[in-house]
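In what follows, a single structure is set out as structure tokens and then discussed.
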Amino acid sequence: MIDQLLICTDLDRTLIPNGNHPESSHARPCFTQLVSHEKVTLAYVTGRDQKLVKQAIIDYQLPLPNFVIADVGASIYQISHQQWLRIEAWDQKISGDWQDKSYDDLIPIFADLKQCHLQEKEKQSLHKLSYYVALTADIDKLISEIRSRLENQQIRSNLIWSIDEEKNVGLLDILPQSANKYQAIAYVMEHHNFTLENTVFSGDSGNDLDVLISPIKSILVANAHGEVKDKVKSKIAQTNLTNSVYIAQGGYLTMNGNYSSGILEGIAHYFPNFAPLNQEIINQITKE
């Protein structure tokens, strides 16, 4: 077994079973026991802010992680002795892209764009400006217009498009150019001695694509949106990412590959030495 393993996972519709697909009953308890292993470091990588991550941990009985990459990569927290310590060095690293401005400084730039509906204040963050966009909108044209306006203001930004299947609405996040889930994970890896050999990520949606098509070992859970699966498959066909992205199929330990069972399946694929541990945990859970 490897010395240490960094498990990074998205929350909504990846670890959290809040999509339209069924969850395998033993998957989350098995995941919780797996990440409690002394060799495992756990990081949640999510579009949620700190408050909503804390609420999800309570609502879904999730294990407390070692790190939280929140706001789609615009903030990073290290959790030690129940204390959430915001990594200010990350804030400083990405702030220059926005000319040291915050999200509310950028709102007036898009005030006349009727397709963009500002998300609730609690869903905004220091370096994340978020809008709802109707799925009927011409998203490519809209993103092009937003990019043009930002460039005119010399604001270097990263635009992330995803879909909230529950609410049937588009989500558009505007972040500093150097802030996304991939860059934030890379920052944690660099500063805590993790490498491509002992890091794995799992996701399901459009805001996970930058990691899913990166060199980081990645898992696309079986319940992922069809559009995301198509994009990942297309990228695999165009590049040599065959060994760094795995699409969960289901059937592993009789589970369906959705949500946390897909995460477990992918971990067993990349790190076979963990497979016996997963089997042992499942045996214990099913006997209880």
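In this text the structure is predicted, and so the values were computed from the model without any measurement.
Contact check for Val133 versus Leu142: side-chain heavy atoms found under the 4.5 Å cut-off. Put simply, the side chain of Pro17 reaches to within 4.5 Å of the side chain of Tyr60, judged on heavy atoms. Looking only at side-chain heavy atoms (C-beta outward), Leu212 and Phe201 come within less than 4.5 Å of each other. For the pair Leu113 and Arg149, the minimum side-chain heavy-atom distance is below 4.5 Å. Side-chain contact between Gln153 and Lys101 is absent, with no heavy atoms from C-beta onward closer than 4.5 Å. Between Lys235 and Leu209 the shortest side-chain heavy-atom distance does not fall below 4.5 Å. Val53 is not listed as a side-chain neighbour of Tyr77, based on a closest heavy-atom distance of 4.5 Å or more. A heavy-atom distance below 4.5 Å is found between the side chains of Ile174 and Leu150.
When all heavy atoms of Leu5 and Val200 are compared, the closest pair comes out as CD1-CG1, 4.4 Å. Taking both residues in full, the closest heavy atoms of Ile16 and Tyr259 are given as O-CD2, 3.7 Å, listed atom of the first, atom of the second, then distance. Nearest heavy atom pair, residue Trp161 against residue Gly170, reads CH2-CA, 3.3 Å. Closest approach of Ser214 and Ser244 over heavy atoms only: O-OG, 3.5 Å. Across all non-hydrogen atoms, the minimal contact from Ala74 to Asp91 is O-OD1, 3.8 Å. Across all non-hydrogen atoms, the minimal contact from Ala184 to Ile69 is CB-CG2, 3.5 Å.
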(request) For side-chain contact (heavy atoms from CB on, under 4.5 Å), just list the numbers for Arg48 and Val68, CA-CA rounded to whole Å, side-chain angles, deciding distance to a tenth of an Å, and then say yes or no. (result) CA-CA 10 Å; Arg48 291 185 178 225; Val68 169; over 6 Å; no
(request) Evaluate the side-chain contact (heavy atoms from CB on, under 4.5 Å) criterion for residues Val211 and Ile185: first the C-alpha distance (whole Å), next the side-chain angles of each, then the deciding distance (0.1 Å), finally the verdict. (result) CA-CA 9 Å; Val211 194; Ile185 291 171; 4.0 Å; yes
(request) Begin with the C-alpha distance, continue with both residues' side-chain angles, and end with the deciding distance and a verdict on side-chain contact (heavy atoms from CB on, under 4.5 Å) for Phe110 and Leu129. (result) CA-CA 11 Å; Phe110 314 112; Leu129 173 57; 3.9 Å; yes
(request) List the steps, then state whether side-chain contact (heavy atoms from CB on, under 4.5 Å) holds for Tyr44 with Leu62. (result) CA-CA 10 Å; Tyr44 292 153; Leu62 304 179; 3.5 Å; yes
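Put simply, the side chain of Glu265 gets close to the backbone of Gly250: a donor and an acceptor are under 3.5 Å apart. Judged by distance alone, the side chain of Asn158 and the main-chain N or O of Pro176 form no donor-acceptor pair under 3.5 Å. Panel note: side chain His81, backbone Gln83; no donor-acceptor pair is recorded below 3.5 Å. Checked by atom type and distance alone, the side chain of His192 never pairs as donor or acceptor with a backbone atom of Val188 at under 3.5 Å. Looking only at distances, a side-chain donor or acceptor of Lys217 sits under 3.5 Å from a matching main-chain atom of Leu196. A donor-acceptor contact shorter than 3.5 Å links the side chain of Thr32 to the backbone of Arg28. For Asp97 (side chain) and Ser178 (main-chain N/O), a donor-acceptor pair under 3.5 Å exists by modelled atom type. The closest donor-acceptor contact from the side chain of Glu88 to the backbone of Arg86 lies at 3.5 Å or more, if one exists at all.
Neither side chain, Ser75 nor Trp90, offers a donor N or O lying under 3.5 Å from an acceptor on the other. Side-chain contact check for Asp49 and Ser125: no donor-acceptor pair (N or O, by modelled atom type) lies under 3.5 Å. Gln115 and Tyr131 share no side-chain donor-acceptor pair at under 3.5 Å.
The neighbour count for Lys229 NZ, taken as heavy atoms of other residues, nucleotides or ligands under 6.0 Å away, is above 12. Within 6.0 Å of CD on Gln154 lie no more than 12 heavy atoms contributed by other residues, nucleotides or ligands.
Among residues at least two apart or in separate chains, there is no salt bridge (Lys or Arg N to Asp or Glu O under 4.0 Å) pair with a member in residues 267-277.
Going from atom CG of Leu106 over to atom CD of Gln124 covers 10.5 Å, rounded to the nearest 0.5 Å. A distance of 3.5 Å separates CG of Asp173 from OG of Ser130, quoted to the nearest 0.5 Å. With rounding to the nearest 0.5 Å, the separation of CG in Asp204 from CG in Leu15 is 11.0 Å. Distance check, rounded to the nearest 0.5 Å: CG of Leu42 to CZ of Phe31 gives 5.0 Å. Note: Tyr270 OH to Ser218 OG = 6.0 Å, rounded to the nearest 0.5 Å. Asn223 CG to Glu23 CD: the interatomic distance, rounded to the nearest 0.5 Å, is 10.0 Å.
Under a 4.0 Å N-O distance rule, the pair Glu227/Lys231 qualifies as a salt bridge.
Under the side chain to side chain contact (heavy atoms under 4.5 Å, CB included) criterion, Pro22 pairs with Asn256, Asn258, sequence neighbours left out. Remark: Ser25 pairs with no residue by the side chain to side chain contact (heavy atoms under 4.5 Å, CB included) rule, at least two apart or across chains. Arg147 is linked by a side chain to side chain contact (heavy atoms under 4.5 Å, CB included) to Ile143, Leu159, counting only residues two or more places apart in sequence or in another chain.
One hydrophobic cluster, built from ILVMFWY side chains closer than 4.5 Å, holds both Leu264 and Phe271. Using a 4.5 Å cut-off between side-chain heavy atoms of Ile, Leu, Val, Met, Phe, Trp and Tyr, with links allowed through other members, Tyr103 and Ile76 fall into different hydrophobic clusters. Using a 4.5 Å cut-off between side-chain heavy atoms of Ile, Leu, Val, Met, Phe, Trp and Tyr, with links allowed through other members, Ile263 and Leu64 fall into the same hydrophobic cluster. Hydrophobic clustering of Ile, Leu, Val, Met, Phe, Trp and Tyr side chains at less than 4.5 Å, counting indirect connections, keeps Phe67 apart from Leu126. There is a path of hydrophobic side-chain contacts, each under 4.5 Å, that joins Met189 to Ile94.
Using cut-offs of 30° and 60° on the angle between ring planes, the pair His269 and Tyr246 is parallel.
With Lys181 as the fixed residue, the salt bridge (charged side-chain N to carboxylate O under 4.0 Å, His left out) test singles out one of Asp10, Asp210, Asp71: Asp10.
Connectivity analysis of hydrophobic side chains (ILVMFWY, heavy atoms under 4.5 Å, direct or indirect) links Val72 to Ile160, Leu175. Here Val169 sits in one hydrophobic cluster together with Tyr132, Leu171; the rule is ILVMFWY side chains under 4.5 Å apart, joined directly or through other members.
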